[in-house]
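The structure appears right after this line, and notes come after that.
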Amino acid sequence: MFALVDCNNFYASCEIAWRPHLRGRPVVVLSNNDGCAIARSPEAKALGIKMGQPAHELRDLVRSGLVMCSANFTLYGDMSRRVVAILREQVPRLEVYSVDECFLDFRGIRDREAFAHRLRERVRRGTGINNCIGIAESKGLAKLANKIAKRGAGVVDLVDADRRNAALEDFPIADVWGVGPRWAAKLSAIGITTAAHLRDASPAMILERYGVTLLRTQRELQGTACLTLDEVEPDRQQIVVSRSFGERVEDHAAVAQALATFAVRAAEKLRKRGLVAAGVQVFASTDTFRPELRQHHPCRAMTLPTATSDSRLILASVHRMLASFLRRGCAYKRAGVALLDLARPSALQSDLFAPAVVGDDKLMALVDGINRRFGRGTAGFGATGWQARPTWGMRQRDVSPCYTTRWADLPIAHC
DNA sequence: TCTGGGGTCCTAGGACCC
DNA sequence: TCTGGGGTCCTAGGACCC
């Protein structure tokens with residue numbers, strides 16, 4: 001028995017929670033580089049703004065009241081932790097599924113709907129974030145129940161068979177969790193246009209044409225829980241830091257600085273999770289939206305001689321791969337660094353003649369400590385260029401303050 | 001003027017091993 | 001008429017998720 005708590009328009013709700021004058025107004029949150037809409041308040045949806053719609057197509061709407069916010073992922077991450085903390089107080093077991101969703105173990109709860117309504121209200125009062133709850137026998141059905149709850153009821157319980165069947169009858173196949181655009185098109189072509197159709201389709205046919213993933217989805221729709229509540233987040237297999245640049249960059253030294261910056265960020269994330277990497281990959285890309293310009297999409301990877309989380313060793317490997325990596329006359333729009341083959345140091349196979357992990361943990365802990373205390377970038381590496389506004393930097397026109405994570409940005413209440 | 005970023009799982013095919 | 005059989009590892013590509 002699962003409940004899925006899903007925050008409504010999460011990023012937009014976070015912005016509105018701290019800027020109450022935005023309530024009732026159309027608000028969108030933009031992707032990095034202020035590129036496209038990644039979250040929309042209900043009022044923004046009502047204006048017909050689509051998910052992923054480019055920001056430049058929205059400029060005209062600003063004059064009629066649309067508010068566009070640059071993404072502030074620090075704020076959203078902290079708000080997410082607050083929502084989870086409130087839920088943890090109320091249920092013994094939960095899985096943080098994404099930044100704005102939690103699966104809860106709802107077994108043994110007597111009046112599920114009343115309990116869910118109280119839960120919703122607690123989250124709303126504690127964080128200002130509106131949310132909906134779907135309840136069912138499997139995660140897949142809880143997802144589906146949640147989508148129906150978003151239509152207005154707030155809480156939907158599909159444990160009752162009659163209610164579940166009715167819900168599946170008119171639930172579009174494209175909205176089913178685990179059915180993406182490709183499969184939705186293929187399924188529709190053979191007459192499977194609703195969740196009920198998929199539930200009743202031949203399992204052998206599903207397995208043969210789509211594989212075990214969709215077969216699992218089908219069984220979940222039938223009410224058989226194939227997915228479990230995973231309370232512990234599994235260790236990452238890879239960490240990627242990549243960005244589009246604010247403008248096209250032809251200067252290879254600038255791209256190298258960007259890659260060094262991403263490598264340092266990736267190493268920080270790696271250490272925060274207590275992992276080491278045994279592989280490093282670098283990639284870059286010219287502007288794919290301008291096919292008339294010279295295109296180049298270089299990508300290189302190497303295996304490290306010994307696993308590490310030391311920024312200096314990761315930087316050195318990036319530097320080595322950069323030799324004749326970029327092409328003269330190409331202007332790059334995006335680049336990234338990936339750390340691969342991640343592992344816990346304790347889980348590594350030891351070598352009779354060499355250490356299993358290399359690097360200076362004490363030095364890295366010191367650097368991380370300084371940056372935690374005095375702000376990111378206080379202590380760092382020369383290879384990153386060390387500029388306040390590098391040419392490859394992101395465009396961000398209107399970032400909200402980090403209300404909950406930076407002393408200087410603390411909101412002030414006037415009485 | 002310009003269209004994001006970060007993940008996972010599954011499968012098929014080739015290389016290689018005994 | 002004849003081609004062996006059974007296995008793992010790695011990689012690329014395709015699908016999905018938020």
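As a basis for the values below, the full set of heavy atoms in this structure was taken, side chains included, without hydrogen atoms, waters or symmetry mates. In this text the structure is predicted, and so the values were computed from the model without any measurement. Every chain is numbered from 1, with letters handed out A, B, ... down the list of sequences.
Rounded to whole Å, atom C1' of B:dG5 lies 13 Å from atom CD of A:Q396. Counting to the nearest Å, the P atom of B:dC2 and the CZ atom of A:R59 are 9 Å from each other. Separating the CZ atom of A:R209 from the P atom of B:dT11 is a distance of 17 Å, rounded to the nearest angstrom. Atom CZ in A:F283 sits about 10 Å away from atom P in B:dG7, given to the nearest Å. Atom pair A:L227:CG and B:dC10:C1' shows a separation of 15 Å (rounding to whole Å applied). One can place CZ of A:R243 at 10 Å from C1' of B:dG6, the figure rounded to the nearest angstrom. Across the protein-nucleic acid pair, A:E247 atom CD and B:dC2 atom P stand 9 Å apart, rounded to whole Å. Between A:E233 atom CD and B:dG6 atom P there is a gap of 16 Å when expressed in whole angstrom units.
Here A:F289 lies parallel enough and close enough to stack on the base of B:dT3, with planes under 30° and ring centres under 5.5 Å apart.
Backbone-only engagement by A:N32 is indicated by non-hydrogen atom pairs under 4.0 Å involving sugar-phosphate atoms exclusively. A:K50 comes within 4.0 angstrom of no nucleic acid atom, judged by non-hydrogen atoms across all strands. Among the atoms of the strands shown, only primed sugar atoms or phosphate atoms (P, OP1, OP2) are found under 4.0 Å from some heavy atom of A:D100. Across all strands shown, A:R248 has no heavy atoms under 4.0 Å from either base or sugar-phosphate atoms. A:Q53 comes within 4.0 angstrom of nothing in the nucleic acid, heavy atoms only. Among the atoms of the strands shown, only primed sugar atoms or phosphate atoms (P, OP1, OP2) are found under 4.0 Å from some heavy atom of A:I239. A:V241 comes within 4.0 angstrom of the backbone, heavy atoms only, and of no base. Across all strands shown, A:V176 has heavy atoms under 4.0 Å from sugar-phosphate atoms exclusively, and none from any base.
Syn is the conformation of B:dC2, whose glycosidic angle sits no further than 90° from 0.
Note that CZ of A:R248 is 5.5 Å distant from CG of A:L293, once rounded to the nearest 0.5 Å. Taken to the nearest 0.5 Å, the CD1 atom of A:I314 stands 9.5 Å off from the CZ atom of A:F381.
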Starting from the C-alpha separation in whole Å, work towards a yes-or-no answer on side-chain contact (heavy atoms from CB on, under 4.5 Å) for A:M1 and A:R107.
CA-CA 5 Å; A:M1 181 79 61; A:R107 285 176 305 180; 3.8 Å; yes
Can you list the steps and then say if A:Y210 with A:Q218 is a side-chain contact (heavy atoms from CB on, under 4.5 Å)?
CA-CA 11 Å; A:Y210 305 91; A:Q218 183 189 37; over 6 Å; no
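Ion pairing of A:D409 with A:R406 is present here, as a side-chain N (NZ or NE/NH1/NH2) and a carboxylate O approach within less than 4.0 Å. Classification of A:R372 and A:D368 as a salt-bridged pair fails, no side-chain N sitting under 4.0 Å from a carboxylate O.
Taking a pair as Watson-Crick or G-U wobble with both distances under 3.5 Å, the runs of three or more consecutive pairs in DNA chain C are B:5-18 with C:5-18.
Not one side-chain nitrogen or oxygen of A:S98 sits closer than 4.0 Å to the OP1 or OP2 atom of C:dC17. Using a 4.0 Å cut-off, some side-chain N or O of A:K333 falls inside it from OP1 or OP2 of B:dT3. Applying the 4.0 Å criterion to OP1 and OP2 of C:dC18, one finds that A:K143 has a side-chain N or O inside that range. Here A:R216 does not reach the OP1 or OP2 of B:dC9: none of its side-chain N or O atoms lies under 4.0 Å away.
When each of C:dC17, C:dC16, B:dG5 is scored by its nearest atom to the side-chain atoms of A:R182, the top-ranked nucleotide is C:dC16. Here B:dC9 is the nucleotide among C:dC16, B:dT3, B:dC9 with the atom lying nearest to any side-chain atom of A:Q237. Of the listed nucleotides (B:dG4, B:dG7, C:dC18), B:dG4 has the atom at the smallest distance from the side chain of A:S31. Of the candidate nucleotides B:dG5, B:dC10, B:dT8, B:dG5 has the atom lying nearest to any side-chain atom of A:S242. Comparing C:dA15, B:dG5, B:dT8 against the side chain of A:W183 picks out C:dA15 as the nearest. Proximity note for A:W177 (side chain, C-beta onward) versus C:dC17, B:dG7, B:dG5: the nearest is C:dC17. With distances taken from any side-chain atom of A:V212 to the nucleotides B:dG7, B:dC10, B:dG5, the minimum falls on B:dC10.
To the nearest whole angstrom, the two P atoms, one in B:dT3 and one in C:dC18, are 25 Å apart.
For residues 9-50 of chain A, every residue pair satisfying the ring pair (Phe, Tyr, Trp, His ring centres under 6.0 Å) rule, not counting sequence neighbours, is listed here: A:Y11-A:F73, A:Y11-A:Y76, A:W18-A:Y403.
Between the side chains of A:H296 and A:Y332, at least one donor-acceptor pair of N or O atoms lies under 3.5 Å. Side chains of A:R124 and A:N130: a donor-acceptor N/O pair is present below 3.5 angstrom, by distance only.
Two residues, A:G211 and A:F73, neighbour DNA chain B, and the one matched to the more 5' nucleotide by heavy-atom proximity is A:F73. Comparing A:R290 and A:L207, the nucleotide of DNA chain B nearest to each residue sits closer to the 5' end for A:R290.
When A:E101, A:E220, A:E95 are each tested for a salt bridge (charged side-chain N to carboxylate O under 4.0 Å, His left out) with A:K139, only one passes: A:E95.
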